[in-house]
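These numbers come from the heavy atoms of this one structure, side chains and all, not from hydrogens, waters or symmetry mates. For clarity, every value in this text was computed on a predicted model and none was experimentally measured. Both counts, for ligands and for their atoms, begin at 1 and track the order of listing.
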Amino acid sequence: MTEWLKTEIELYKKNHQRSLALWKKAQEQFPAGVSHNIRDFHMTPFGLSPPFIVQGKESQLFDVDGNSYIDYWVTHGSAILGHAHPAIMRAISDQLSFGIHFGMVNEHTLNLAEMIIDATPCVEKLRFCTTGTEATMYASRLARAYTKKKKIVKVRGGWHGGNDTLFYFVKEVQKGVESAGLKSLEDSQILSFDYNDIEGFKKVLNENKNDIAAVILEPVLGAGGAIPPKEGFLEEIQEETQKRGIILIFDEIITGFRLSYHSAQGFFNVIPDMVTMGKIVGGGTPIGVIGGTDEIMEQANLQKGGEVWIGGGTFSGNPLSMVAGRATLETLRSNKDEFYRKLNENGKMIRQRIQSLLDEYNSPAVVTGVGSMICIHWFDKPLAKISSSSEIKLNLAKEKVNQFQLLMFNRGLLIRSGFGYLCIKHTSKDIEKTLNALEDGIKIISHGT
Ligand SMILES: Cc1ncc(COP(=O)(O)O)c(C=O)c1O
């Protein structure tokens, strides 16, 4: 182990004593110490613990050891208004005085639905659920029922949650099967192609001509590497699906209300048949949304002869998520020009600055992203550009990713796997500190000093 790494590990240990003690207990209670596999934040390989967080305020998180971080993970991308935004806190606390959840229809669902329908071009009707994982599962079911076909095409590296329907080709981008306990790949009826590879996409469609119900993809590949679509890619996907009567589902659980108030479909002006949302629309509380044309969604109207059972979920449409989501969307809507300009301009500026640092230090890394989504990918050898998750997965230098994560924690930045998302509360002071920390980290990973 290099000297600098030893020093960084010791520094982290010194500053995270209480987190380390809690982590030890967590190992006894949860497999791998976590209830979400990615929450070890790359610290396990160093025998360290992720920081245990006690509070979030605006752009900052605070841990049990008294450390503070400029947060670019922003609750898996949800907290676009920053942490504890007064409008959301007020909405939740006002609603709490009436109780929590009654398992009954309530007017708050109508209010949030109206805002989503008004803002999102493809949505005529929707259903709420409690997670994005449910939303993509239900969207797939609706598409299969509507087309009376079985196969679903997805992008290699596309993360649509952990449901049994779509949990294929996520990290195991070539082999496809992610977990024991799932159906085999053949039985899954899931097909895949590489993001931005339109020829590969057409090949899959041609080889499965009459069998494909839906294509599901994130308009910008999110967890698969913050990869933007090449010019014309989304348009061609749309054209091919329309031509062949295949349902196009945009999974906008990350990009929904992140790239613009009209989500990625408005940003790129490519309108799918269906959309799934989550994260931002719940204002930091659990939520999932399945939306689409009236005709597709009405299949779920069991009162009128519809035959698709979707929904369910004790906590779907719960008042707290509804009012938190509404407060978020209202705040975004009233400031949409200013907020989205700021988010997207800051994102572009940070990516450009990172790129010049990578050039300056001759780093084996590539920065990707669009709008306020940013990711640095570390490789063993320099790669010019990245356009799919497969390219990343095949070349990723995992050790460097872990080391970069540690360096950033020690410099007061909370990133994950190469960076993350901006929120409207990131100040110019935050960004200046961030760029200094990034320069330090990039230099050390690239040159070992
Ligand atoms: C694009 C995408 N789809 C689906 C999901 C699953 O959402 P949830 O974690 O709310 O189940 C996620 C979560 O990160 C996501 O990024």
Under 3.5 Å, side-chain donor or acceptor atoms of residues 86-94 against the rest of the protein: list the pairs with distances, not counting sequence neighbours.
none

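Thr368 and His377 form a side-chain donor-acceptor contact under 3.5 Å, judged by distance and modelled atom types alone. For the residue pair Asn402 and His42, a side-chain donor N or O sits within less than 3.5 Å of a side-chain acceptor on the partner.
Every protein residue with a heavy atom nearer than 4.0 Å to ligand 1 is included here: Thr131, Gly132, Thr133, Trp159, His160, Gly161, Glu218, Asp251, Ile253, Ile254, Lys279.
Applying the side chain to side chain donor-acceptor pair (under 3.5 Å) test to pairs two or more places apart or on separate chains, those with a residue in residues 258-276 are Asp251-Thr276, Glu252-Gln265, Arg258-Ser372.
Scored by the ring pair (Phe, Tyr, Trp, His ring centres under 6.0 Å) test, Phe339 finds no partners at all (sequence neighbours excluded).
At a threshold of 4.0 Å, the pair Asp194-Arg156 counts as salt-bridged, since one of the basic side-chain nitrogens sits closer than that to a carboxylate oxygen.
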